[in-house]
Amino acid sequence: MAVGILSTGMYIPDTYFDAEQLAEMTGLPVEVVRTKLGINRIPVPGRDDHTAAMGIRAAREAIRKAGIDPKEIDLIIYIGEEHKEYPLWTAAIKMQEELGAHHAWGFDAAMRCGTTIMAMKVATALMETDPDIRTVLLAGGYRNGDFIDYRNERTRFMFNLAAGGGAMILRKDLGRNTVLQGEIITDGSFSEDVVVPVGGTMQPLTEESLRDGLYRLDVLDPEGMKMRLEQRSMENFLKVIRGSLAKSGYTDADIDYLGILHMKRSAHDYVLGQLGLSEEQSVYLDDYGHIGQFDQILSLELAEQQGRLKDGDVAVLVSAGIGYAWGAMTVRWGPER
């Protein structure tokens with residue numbers, strides 16, 4: 001049994017912050033925003049761009065491109081953020097209703113910006129073990145930029161957080177765009193480094209905490225985190241990429257395309273360099289920023305549009321999420337020979 005990517009879909013809001021606006025908001029020089037942070041512009045949510053709603057729009061696009069009836073979907077995995085329309089709410093069930101996927105059941109999954117890779121592993125495993133699951137929709141939205149205080153230098157590495165929705169439809173025995181093997185690393189020593197310090201059971205939300213601007217993402221030990229994470233993060237990117245490749249029967253030399261999340265330009269170039277890849281073998285998302293776990297889906301779509309992904313290519317999708325988690329999934333693109 002093999003699982004393939006039947007289609008993908010993206011929803012990108014039509015409102016943006018450009019580099020000049022971000023420079024004004026952050027107090028950084030425009031050139032630093034463009035060259036160091038690697039941002040020309042980032043999409044930001046409009047009035048009706050709620051989290052699950054953006055995922056539903058992306059899912060409709062994926063269904064349209066696949067040319068299927070929503071009733072063919074057997075399972076929906078919501079892969080968007082927990083910052084969504086309502087707290088304590090299962091978004092996958094809302095998606096089921098809105099899409100007319102009445103033969104499906106659904107659940108929500110979360111591993112921050114590593115969720116898409118994790119959900120691809122979960123979905124393929126479920127299809128292998130359950131004969132009733134043939135078609136799976138992964139979809140969700142992202143707008144965690146709502147939690148960024150652009151004057152907080154501790155969160156500077158998250159100034160690229162953008163907004164949008166993404167979707168991917170997987171099908172058993174598709175015969176093309178075959179999902180091979182994935183690799184995931186999590187490191188709990190970073191589990192409380194990046195948090196929203198109030199609003200949970202540790203420190204419930206109060207008028208005072210809202211007034212003091214504490215209901216935002218923050219880094220509790222910025223110097224310690226930087227010292228511990230910087231080198232380990234680059235090592236773990238390479239570990240998951242090579243682990244996914246090895247499980248799939250490939251090596252670095254076989255990579256044709258790398259679908260990697262948006263991060264600062266120097267880190268992006270470092271990973272490409274370590275793998276012996278050229279700039280043309282990836283897409284740098286400087287016109288989109290970091291749309292969380294949907295960067296990999298966006299990267300695949302842009303690669304196809306720009307002719308960087310062709311039949312027979314070996315593509316590796318790469319993610320990282322605060323917590324910290326690193327993930328990679330190898331895909332053999334095009335029809336199976």
Side-chain angles (χ1 to χ4, degrees), residues 4-5 7-10 12 16 18-19 31-43 65 113 116-117 120 160 162 164 166 168 176-183 233-246 248-320 326-337:
I5 299 173
S7 68
T8 61
M10 285 294 300
I12 306 292
Y16 287 84
D18 61 23
E31 279 310 299
V32 169
V33 174
R34 288 189 183 279
T35 60
K36 190 163 185 179
L37 300 186
I39 301 169
N40 292 328
R41 62 178 190 169
I42 57 172
K65 287 163 67 175
C113 302
T116 295
I117 301 300
M120 290 176 77
N160 64 343
M168 177 184 290
R176 59 186 169 89
N177 306 334
T178 303
V179 178
L180 300 176
Q181 296 295 319
E183 181 85 348
S233 188
M234 292 298 102
E235 290 173 358
N236 284 344
F237 273 123
L238 297 172
K239 279 183 182 178
V240 294
I241 292 167
R242 288 169 175 153
S244 173
L245 284 166
S248 305
Y250 296 112
T251 68
D252 296 10
D254 297 304
I255 302 174
D256 297 296
Y257 183 76
L258 192 73
I260 192 167
L261 72 157
H262 181 273
M263 49 189 171
K264 64 181 182 179
R265 185 83 207 205
S266 60
H268 176 91
D269 291 345
Y270 175 83
V271 173
L272 290 184
Q274 290 296 303
L275 297 170
L277 301 177
S278 68
E279 287 187 14
E280 288 69 35
Q281 290 176 280
S282 189
V283 174
Y284 189 59
L285 302 174
D286 47 359
D287 283 330
Y288 299 90
H290 180 41
I291 312 178
Q293 47 270 49
F294 305 107
D295 285 5
Q296 294 79 39
I297 297 173
L298 175 61
S299 187
L300 276 179
E301 292 201 351
L302 293 174
E304 277 199 289
Q305 292 167 17
Q306 297 173 18
R308 301 189 190 205
L309 187 61
K310 304 175 292 299
D311 287 353
D313 280 355
V314 172
V316 182
L317 309 181
V318 191
S319 67
W326 297 262
M329 180 66 73
T330 300
V331 178
R332 189 167 52 242
W333 202 253
E336 287 297 321
R337 297 176 183 175

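For clarity, every value in this text was computed on a predicted model and none was experimentally measured.
Annotation: side chain of Tyr16 is not in contact with side chain of Asn40 (no heavy-atom distance under 4.5 Å). When side chains are defined from C-beta on, Lys65 counts as touching Glu301, because their heavy atoms get closer than 4.5 Å. In this structure the side chain of Ile5 reaches within 4.5 angstrom of the side chain of Leu300, judged on heavy atoms. Using a 4.5 Å heavy-atom cutoff, the side chains of Tyr284 and Glu279 are not in contact. With contacts defined as side-chain heavy-atom distances shorter than 4.5 Å, the pair Leu272/Gln281 does not qualify. By the 4.5 Å heavy-atom criterion applied to side chains, Leu275 and Arg242 are counted as neighbours. Residues Met10 and Tyr288 have side chains not in contact (no heavy-atom distance under 4.5 Å, counting atoms from C-beta outward). Taking 4.5 Å as the limit, every side-chain heavy atom of Met234 sits out of range of all side-chain heavy atoms of Gln274.
Residue Lys239 qualifies as open at atom NZ: its count of foreign heavy atoms under 6.0 Å is 12 or below.
At least one donor-acceptor pair closer than 3.5 Å links the side chain of Asn177 to the backbone N or O of Gly334. Side chain of Ser248 to main chain of Gln181: a donor-acceptor pair is present (N/O by atom type, distance under 3.5 Å, no hydrogens or angles).
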- [ ] Please step through side chain to side chain contact (heavy atoms under 4.5 Å, CB included) for the pair Gln296 and Val318, ending with a clear verdict.
- [x] CA-CA 7 Å; Gln296 294 79 39; Val318 191; 5.7 Å; no
Task: Tyr257 vs Val331, side chain to side chain contact (heavy atoms under 4.5 Å, CB included): CA-CA, chis, key distance, verdict - done: CA-CA 10 Å; Tyr257 183 76; Val331 178; over 6 Å; no
Open item on the list: Show, in sequence, the C-alpha distance, side-chain angles and deciding distance for Val240 and Ile117, and conclude whether the side chain to side chain contact (heavy atoms under 4.5 Å, CB included) test is met.
Closed with: CA-CA 11 Å; Val240 294; Ile117 301 300; over 6 Å; no
Task: Full working for side chain to side chain contact (heavy atoms under 4.5 Å, CB included) between Thr116 and Ser319 - done: CA-CA 8 Å; Thr116 295; Ser319 67; over 6 Å; no
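To the nearest 0.5 Å, the span separating CD on Glu304 from CG on Leu302 amounts to 10.0 Å. Atoms CG and NE2, from Asp295 and His290 in turn, are 5.5 Å apart once rounded to the nearest 0.5 Å. Within the model, atoms NE2 of His262 and NE2 of His268 stand 9.0 Å from one another, a figure rounded to the nearest 0.5 Å. The distance from the OG atom of Ser282 to the CG atom of Leu309 is 11.0 Å, given to the nearest 0.5 Å. Atom CD in Glu280 sits 13.5 Å away from atom CG in Asp256 (nearest 0.5 Å). To the nearest 0.5 angstrom, Met263 atom CE is 12.5 Å from Cys113 atom SG.
Taking all atoms of both residues into account, the shortest heavy-atom contact from Gly259 to Ser299 is CA-OG, 3.3 Å. Heavy-atom minimum distance, Ile291 versus Ala162: CG1-CB, 3.9 Å. Lys36 and Lys264 get closest at one heavy-atom pair: O-CB, 3.3 Å. The minimum heavy-atom distance linking Gly9 with Ile297 is given by the pair O-CG2, 4.0 Å.
Side-chain contact, Thr178 with Glu336: a donor N or O sits under 3.5 Å from an acceptor N or O.
Val316 pairs in a side-chain contact (heavy atoms from CB on, under 4.5 Å) with only one of the listed residues (Leu277, Ile255, Leu180, Asp254), which is Ile255.
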